[in-house]
Amino acid sequence: MRNNVEDVWGRVIDIVSEHINAPSLRLWFEGTRPVDLYEGTLEIEVPNDLARDYIETKFKELIEEALTDVTGYENANLIVNVENPDRPRGREGNGGRSGFNEGVESVLQARKPRPFKAKYTFDTFVIGAGNRFAHAAALAVAETPGVVYNPLFIYGGVGLGKTHLLHAIGQYIEDQDVNMQVKYVTAEQFTNDFINSIRDDKPLGFQRRYRENDVLLIDDIQFLEKKEGIQEEFFHTFNALYEENKQIVIASDRHPKHIQTLQDRLVSRFEWGLVTDIQPPDLETRIAILRKKAMMDKLEVDDEVMTFIASKVSTNIRELEGTLVRILAYAALYGREVTVHLAEEVLKDILPDSDYREIPVELIQHEVCRYFGISKSDLLGSGRSRSLAYPRQVAMYLCRELTDESLPKIGKAFGGRDHTTVIHATGKIAKLINSDRDVFNQIHELTYQIKSKR
Ligand SMILES: Nc1ncnc2c1ncn2[C@@H]1O[C@H](COP(=O)(O)OP(=O)(O)OP(=O)(O)O)[C@@H](O)[C@H]1O
């Protein structure tokens, strides 16, 4: 059991570790140890004059505030002494690291377990039509926090890279400047932290933890739906940061307008900056993501297998990567070669029917006709006006994207056209998706409609 003084010092470090970066914390606090505590006065020992001077000038105020929080004494006081080399360290007097030294490390581990996933960086993020804009905005924010888009609000479906981008921003900023205070939390953690601060009657500690950052990255903000009390608190946090030109980045699974009961004033604040979405990746991007994953994890996988997986799993990148991993695991387990055939076998087991079920070309044609208000004979006929040619190209593109049919077969299904016509059509639409947001949205909507009807 720790005695009281060590316990108090441990909790103080816990609080101050929120405000001091990890290298500094290690450098200045690892060699310290608590010696005595009397009411609100804590005495610590440090190894040398330099550490004493540094702690006194830089951290005394912060430590004393934390000490007030922990002990409840308003005028808490810190006394820093240089240790007496003759006095043995540690309670056992073994002259080794005191229990507390390890405490710094454990606080660092627990509190700052490197809040970011090392592999969620801009380098590992594959750019495609669906995320190009969100990626560009995220990078701009990372390069000039608090300047260009504030707040940056990124929304999109499950597993499409929102958290990845938030982490990428955080790591990029920290890499540029170690003194930047960057905090990443989910809205749920924010909520729990707030509730605990009320329970423990420590509102100031809470405010400090959130308002004294240069960058606040808050994930899954939709969690605040129907939680007006927390929204209120978030509103104040937002304002405090915003007024100081601190960067705020928010991720959500939907547009702020569609988060029920989100206060109008929050919605409008989110719109002060930039609201941008991430859409599901197209086939090419999905293949590129799998390639990157295989490269990073040093996995040997045929392109053909990756293309097959990418054609089957289309709406969630986490699932896409997970499928690859499962196929490889299966192959290793049964000592089999990784082939399309094997992938097919595994996919049948792991994908729910609805995901695996083939999409018929006729369904795509039907939905495209309905969407553009043209007849099937127009779609398959020879009319070349834009009002017919464009829907036809869209339909061909979707057949290529959503079915396994070969180019000649698709050509044949469109009034016996040549496969080069299909290549031309898909290339054209793929290009338009990248440059024209309306086309992008049309394709997205159509894909959704088709999939929901299969
Ligand atoms: N463009 C991309 N390039 C490479 N990997 C990506 C890309 N987008 C997403 N991923 C990967 O897909 C997985 C899921 O992404 P992430 O967790 O960021 O999704 P999310 O949008 O935050 O999902 P959720 O809504 O479930 O929180 C992660 O492993 C991430 O690295």
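For ligands, and for the atoms within them, numbers begin at 1 and follow the listed sequence. Since the structure is predicted, the reported quantities are computational estimates derived from the model, not experimental observations.
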Just need the protein heavy atom nearest to [atom], so name the residue and atom and give the distance.
{"atom": "atom 22 (O) of ligand 1", "value": "T163 OG1, 2.6 Å"}
{"atom": "atom 28 (C) of ligand 1", "value": "Y120 OH, 3.3 Å"}
{"atom": "atom 25 (O) of ligand 1", "value": "K162 NZ, 2.9 Å"}
{"atom": "atom 3 (N) of ligand 1", "value": "V126 N, 2.8 Å"}

Element-labelled atoms of ligand 1 that are located less than 4.0 Å from some non-hydrogen atom of [X]:
{"X": "N131", "value": "1 (N)"}
{"X": "I317", "value": "6 (C), 7 (C), 8 (N), 9 (C), 10 (N), 11 (C), 12 (O)"}
{"X": "G161", "value": "8 (N), 9 (C), 15 (O), 16 (P), 18 (O), 19 (O), 20 (P), 21 (O)"}
{"X": "T124", "value": "3 (N), 4 (C)"}

Can you label the angle between the [X] ring and the [Y] ring as parallel, tilted or perpendicular, going by 30° and 60°?
{"X": "F238", "Y": "Y242", "result": "parallel"}
{"X": "F29", "Y": "W9", "result": "tilted"}
{"X": "H255", "Y": "F153", "result": "tilted"}

request  = Return a yes/no value for G159: is any of its N or O atoms, backbone included, closer than 3.5 angstrom to an N or O of ligand 1?
outcome  = yes
request  = Say whether I127, considering both its backbone and side-chain N or O atoms, lies within less than 3.5 Å of an N or O atom on ligand 1.
outcome  = no
Flag this pair as yes if the NZ/CZ of [X] is under 6.0 angstrom from the six-membered ring centre of [Y] and inside a 45 degree cone about the axis; otherwise no.
{"X": "R392", "Y": "F414", "value": "no"}
{"X": "K227", "Y": "F223", "value": "yes"}
{"X": "R386", "Y": "Y390", "value": "yes"}
{"X": "K162", "Y": "Y155", "value": "no"}

ask   = Can you check whether Y330 and Y334 have ring centres sitting under 6.0 Å from each other?
value = yes
query = Would you say V158 contacts ligand 1, with heavy atoms under 4.0 Å as the rule?
reply = yes
ask   = Quick one: does G156 get a heavy atom under 4.0 Å from ligand 1?
value = no
query = Ion pair present between R291 and E300, side-chain N to carboxylate O less than 4.0 angstrom?
reply = no
ask   = Quick one: does ligand 1 sit under 4.0 Å from the side chain of L165, the backbone, both or neither, non-hydrogen atoms only?
value = neither
remark   = Looking at H167, Q222, R318, H164, the heavy atom closest to atom 13 (C) of ligand 1 belongs to R318
request  = Run down the list R132, E321, H135, K292 and name the one with the heavy atom closest to atom 5 (N) of ligand 1.
outcome  = E321
inquiry  = Can a side-chain donor-acceptor contact be found between H366 and E362 if the only test is distance below 3.5 angstrom?
reply    = no
